Amino acid sequence: MDNFADYILNEENLSAKMEITYYLAKKTKIFFDKSVIFKTELARMFIDYMKIEVDRNAILTACLLCNCKKIDNAQDIEKIHSYAKEGAEYLRGLGFSKRFAKMCEELNRYSGSNPRERESDVLELVDQFGGMLLDRPERIGFQPDEALVLLEHRNLKDIYNRYLHTFQEFVEMLENTELHDRTDIKTLRYLVKLYNEATDVKEFIKVVCYEFEPKIDEAIMKYNEHIEKGMFEKSNIPPFSEETTRKILSHIAMENEETSNTN
């Protein structure tokens, strides 16, 4: 009989993977909320639209499971530093390979695992960027351009992520892509809106897989058709304005000064 790892990895349909993880979480009490679905959809779009050469099935499965030992307590620093490694060990117990567990452990940099799997760099980007777009008890979610600046100049400062610049191009593309019946709101902000409006995980899975995905996939297909036919000139404007960059870097500098004064 196949173990759980074989069962979910052999399931090719992403919405079915999400439902499998949902019921695992109900049974075992692992961490699984709407934010997991949000970040998994970011990963799906990034892989599919930017055509990066990674194990798509492994990454999307890892997105659903790599936060399994996360807790909703930003003040528990020890747990923040250990949950990815603990989660990797838990997933090994479910039958996942050493490489899959290593990918999940490298969701963040706290375990010091090196060399990193290329799939881990994708997990890191969608986890950090996606988390910044969503509201938290201590702050409201950042706008995509602000989150990109923070991602590069604070979260990943002096840290090499092989897909960072490709991810910036991806976000810029989404910001320049219109959902044809939702021209009043940008793509990522529309996804955040759907996240906020969904009452629970199951509802958000349905909305993402059966409403959002067909719309954005069609919009991206048309976007690419315009580029291929030479009817659409891709903007040379950077993914965030100079004004936004200055504002966020100033904010980071103030944070660093306050930390130094405290210490």
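Quick note: numbers below take in every heavy atom, side chains included, and nothing from hydrogens, waters or symmetry partners. Since the structure is predicted, the reported quantities are computational estimates derived from the model, not experimental observations. In this chain, numbering begins with 1 at the start of the sequence shown.
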With no hydrogens and no angle check, do the side chains of [X] and [Y] hold a donor and an acceptor under 3.5 Å apart?
| X | Y | result |
| --- | --- | --- |
| Asn108 | Glu124 | no |
| Asn176 | Lys186 | no |
| Tyr160 | Arg116 | no |

Is [X] reaching over with its side chain to a backbone N or O of [Y], donor-acceptor style, under 3.5 angstrom?
| X | Y | answer |
| --- | --- | --- |
| Thr187 | Thr177 | yes |
| Asp121 | Arg162 | yes |
| Arg92 | Phe96 | yes |
| Glu218 | Lys215 | no |
| Glu117 | Glu119 | no |
| Asp200 | Glu203 | yes |

Side-chain heavy atoms nearer than 4.5 Å, only ILVMFWY residues, links allowed to pass through others: does that put [X] and [Y] together?
| X | Y | value |
| --- | --- | --- |
| Phe212 | Met221 | no |
| Tyr23 | Phe31 | yes |
| Val149 | Ile159 | yes |

Spatial distance of atom [atom1] ([X]) from atom [atom2] ([Y]) [nearest 0.5 Å]:
| X | Y | atom1 | atom2 | answer |
| --- | --- | --- | --- | --- |
| Ile77 | Ile80 | CD1 | CD1 | 4.5 Å |
| Cys66 | Asp127 | SG | CG | 6.0 Å |
| Leu125 | Lys39 | CG | NZ | 12.5 Å |

TODO: Apply the side chain to side chain contact (heavy atoms under 4.5 Å, CB included) test between Phe204 and each candidate in Lys34, Glu41, Met18; give the one that qualifies.
DONE: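 Single pass found, and it is Lys34.
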Which atom names give the shortest non-hydrogen contact between [X] and [Y], and what distance separates them?
| X | Y | answer |
| --- | --- | --- |
| Leu107 | Leu123 | CD1-O, 3.7 Å |
| Leu14 | Glu213 | CD2-OE2, 4.1 Å |
| Lys102 | Glu106 | NZ-OE2, 2.6 Å |
| Phe129 | Ala147 | CE1-CB, 3.5 Å |
| Ser15 | Tyr210 | OG-OH, 3.3 Å |
| Glu11 | Asn57 | O-OD1, 4.1 Å |

With a 4.5 Å cut-off on side-chain heavy atoms, are [Y] and [X] touching?
| X | Y | answer |
| --- | --- | --- |
| Cys68 | Tyr90 | yes |
| Leu91 | Leu94 | yes |
| Leu174 | Leu191 | no |
| Ile52 | Thr166 | yes |
| Val126 | Phe167 | yes |
| Cys63 | Ile59 | yes |
| Phe32 | Leu64 | yes |
| Pro144 | Leu133 | yes |

TODO: Go through the steps to decide whether Met173 and Tyr223 satisfy the test side-chain contact (heavy atoms from CB on, under 4.5 Å), and finish with yes or no.
DONE: CA-CA 9 Å; Met173 179 178 69; Tyr223 176 96; 3.4 Å; yes
- [ ] Would you indicate whether Lys79, at its atom NZ, is surrounded by more than 12 heavy atoms from other residues, nucleotides or ligands within a distance under 6.0 Å?
- [x]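 It does: Lys79 NZ has more than 12 such atoms within range.
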Task: Residues His81, Glu78; criterion side-chain hydrogen bond (donor to acceptor under 3.5 Å, both in side chains); working and verdict - done: CA-CA 5 Å; His81 288 182; Glu78 182 178 345; over 6 Å; no
TODO: Quick one: do Leu188 and Val192 satisfy side-chain contact (heavy atoms from CB on, under 4.5 Å)? Show the steps, please.
DONE: CA-CA 6 Å; Leu188 286 173; Val192 171; 5.6 Å; no
TODO: Please report the C-alpha distance between Ser111 and Glu105 in whole Å, then the side-chain angles of each, then the deciding distance to 0.1 Å, and finally whether the side-chain contact (heavy atoms from CB on, under 4.5 Å) criterion is met.
DONE: CA-CA 7 Å; Ser111 73; Glu105 178 182 334; 2.8 Å; yes
Considering only NZ, NE, NH1 and NH2 on the basic side and carboxylate oxygens on the acidic side, decide whether [X] and [Y] come within less than 4.0 Å.
| X | Y | result |
| --- | --- | --- |
| Lys206 | Glu211 | no |
| Glu152 | Lys157 | no |
| Arg44 | Asp48 | yes |

- [ ] Could you tell me how the ring of Phe46 sits relative to the ring of Tyr163: parallel (under 30°), tilted (30 to 60°) or perpendicular (over 60°)?
- [x]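 Correct class here is perpendicular.
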TODO: List the steps, then state whether side-chain hydrogen bond (donor to acceptor under 3.5 Å, both in side chains) holds for Tyr195 with Ser35.
DONE: CA-CA 8 Å; Tyr195 170 91; Ser35 70; 5.1 Å; no
Open item on the list: Go through it in stages, so that I can follow the logic: the residues are Tyr49 and Ile216, the test is side-chain contact (heavy atoms from CB on, under 4.5 Å), and I'd like the CA-CA distance, side-chain angles, deciding distance and then a yes or no.
Closed with: CA-CA 10 Å; Tyr49 302 160; Ile216 185 59; 3.4 Å; yes
